[in-house]
Protein chains: 2
Amino acid sequence: MATIFHGLADDPARARSASDIAEHIRRAIASGDLAPNERLVEQDLARDLNTNRSVIRTAFAHLEQQRLLVREPNRGVRVRTYTALEAVEILETRAALEGLVARCAAKRIDGEGERALRGIIGEMRACRDSGDLLAYSQLNTRLHRTVLEIANHETATMLLSSLQSQAVRYQFRTVLQPGRIAQSLGEHEAIVQAIVAHNEDDAERTMRAHIGSVAQTVLAIGGKDLTALKAI
Amino acid sequence: MATIFHGLADDPARARSASDIAEHIRRAIASGDLAPNERLVEQDLARDLNTNRSVIRTAFAHLEQQRLLVREPNRGVRVRTYTALEAVEILETRAALEGLVARCAAKRIDGEGERALRGIIGEMRACRDSGDLLAYSQLNTRLHRTVLEIANHETATMLLSSLQSQAVRYQFRTVLQPGRIAQSLGEHEAIVQAIVAHNEDDAERTMRAHIGSVAQTVLAIGGKDLTALKAI
DNA sequence: GTTGCCAACATTGTCGACAATCATGGCGAC
DNA sequence: GTCGCCATGATTGTCGACAATGTTGGCAAC
């Protein structure tokens, strides 16, 4: 049997911790090296990754809790399959949670946070003008993370990161079609405007509208080939 | 050293699986037998619960992901402490998620679901008249669970159960003060009415108002002695 | 040809032993 | 008397071996 981790088993000599292994497997799932429903055998992974079964087992335990793997008793674990329905569910849930976060951010925003948000919006506008989609996508991630920091809502942050880790099962390709960038920027501007104005209702509403818009785009592009939850 | 699980180590001969052990520890935390910040030693638990360290370790891995335990590298795990701030966060997050769930329930409700919800409301009214607080509290749990089933939203259900498992850290005492039961019933009636009318906006709004009301009650009663997230 | 049983195999679950790491307390130097 | 170092002990992290379990394939009976 060929190794499961083709080129991924780099530096076979180095020992790795359980969380390293878990991250490794997560990437393998994200990149498609591990197919949905594929079975993972503890002994094989231990050999391929130059470690032992205990480490693999604890890594599995973590990934199992993050719903990336499913365990069948006495039969080991499989890569969890995802459905289009589930993609929609994840986006709906993100909308609810990010709405809450935006609301908290609007409540707590201060001068420093306002400067940070306005700075990112400024850079986004530059990207729109230069047409740099990749940079825009990164700014997008940064904007959402900044809102999370301003909100300072540990519980929501944790749940959102859990959703994010499930989203690795989608291929990350940029969803930014021509035209979408302008719409996305407009939505982001509305969100920031509401937050800096301490307008909690508008903050939640615009954030939810934004993620709803992303969902529409994803579904329109994706169909069965669901791509890119990343660029929100 | 005395055993950590006083009377809890019932039937010391029976072997338990990792998930049994995890449930055991969860109860111990909920009941207060394990104090916040208390350190858990793998060897001791393995002895007290008549099992071995491997089982304890996998149980720890699960509880750690549920944020009931925190691990310090090479120092083992502790019972996670919770703060009043976190209690508020959990309620806020529940409100956001249950609002989403209520919305989905309003979208999908059918004749069978309507009968179930109306049945529960009927029983609740009987409890109000008879003053049976305990039965009311159980109906309350059943109502929320039924709404979850109608909504059929796996992702939100999972996140909510994760929040619930964190809430075990609060003492379960009934929060139903005299007078609160009438208010609670009114809120539940409004939620059910919105759901069966397929009114998604109202469903979300009333559910969020309801949980907000619970939060107020909990905070008013609790203060530092936060009790009873259960009776919502 | 089909069905049912049995044996061999593959894989997970369990367990104890050893190694690595961190905290604690004593001892001596200053 | 206080500070810093070192030895000791306690606990987690790692590892390999064995037991339990489920699966697969072959063989025989019908």
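In what follows, chains carry the letters A, B, and so on, assigned in the order in which the sequence lines appear, proteins first and then strands, with residues in each chain numbered from 1. As the structure is a computational prediction, the values presented were derived from the model and not from experiment.
The structure places CZ of R94(B) at 12.5 Å from OG1 of T155(A), a figure rounded to the nearest 0.5 Å. Atom CD1 of residue I109(B) and atom CD of residue E114(B) lie 6.5 Å apart, to the nearest 0.5 angstrom.
Side-chain proximity of R57(A) to the nucleotides dT12(C), dG13(D), dC15(C) is greatest for dT12(C). Here dG13(D) is the nucleotide among dT11(C), dG13(C), dG13(D) with the atom lying nearest to any side-chain atom of R71(B).
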Tabulated below should be each protein N or O lying under 3.5 Å from an N or O of nucleotides 17-21 of chain D; please produce it.
unit_1, atom_1, unit_2, atom_2, d
dT21(D), O3', N74(A), ND2, 3.4

Protein-nucleotides 6-8 of chain C N/O pairs under 3.5 Å:
none

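A salt bridge does not link E38(A) with R80(A): every distance from a Lys NZ or Arg NE/NH1/NH2 to an Asp or Glu carboxylate oxygen is 4.0 Å or more. Under the 4.0 Å criterion applied to side-chain N and carboxylate O atoms, E92(A) and R103(B) are not assigned as salt-bridge partners.
The separation between I21(A) atom CD1 and dT14(D) atom P is 10 Å, rounded to whole Å. Separating the CG atom of D44(B) from the P atom of dT11(D) is a distance of 6 Å, rounded to the nearest angstrom. Atom pair L45(A):CG and dT12(C):C1' shows a separation of 14 Å (rounding to whole Å applied). Across the protein-nucleic acid pair, R78(B) atom CZ and dT11(D) atom C1' stand 13 Å apart, rounded to whole Å. Rounded to an integer number of Å, the gap from CZ of R47(B) to P of dA10(D) is 13 Å. Computed from coordinates, the Q43(A) CD to dC15(D) C1' distance equals 11 Å when rounded to whole Å. Whole-Å rounding puts the D20(A) CG to dT14(D) P distance at 10 Å. Between the P atom of dA10(D) and the CZ atom of R75(B) lies a distance of 15 Å, rounded to the nearest Å.
In terms of position along DNA chain D, the nucleotide closest to V77(B) lies nearer the 5' end than the nucleotide closest to the other residue of the pair V77(B) and S54(B).
Of the candidates H210(B), R208(B), H144(B), H144(B) is the only one forming a side chain to side chain donor-acceptor pair (under 3.5 Å) with E98(B). With S31(B) as the partner, the side-chain contact (heavy atoms from CB on, under 4.5 Å) test is satisfied by one option alone out of L34(B), D33(B), I29(B): D33(B).
The nearest pair of heavy atoms linking L159(B) to S162(A) is CD2-OG, 4.2 Å.
With sequence neighbours excluded, the residues that form a side-chain contact (heavy atoms from CB on, under 4.5 Å) with L143(B) are L117(B), I120(B), M124(B), H188(B), V192(B). With sequence neighbours excluded, the residues that form a salt bridge (charged side-chain N to carboxylate O under 4.0 Å, His left out) with E72(B) are R78(B). Among residues two or more places apart in sequence or in another chain, the side-chain contact (heavy atoms from CB on, under 4.5 Å) test is passed with R57(A) by E42(A), R53(A), R71(A).
Within the helix from dG1(C)-dC30(D) to dC30(C)-dG1(D), the inter-axis angle between the opening and closing five-pair segments is 0°, rounded to 10°.
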So E112(B) and R115(B), salt bridge (Lys or Arg N to Asp or Glu O under 4.0 Å) or not? Walk me through it. CA-CA 5 Å; E112(B) 185 188 350; R115(B) 272 192 300 282; 5.8 Å; no
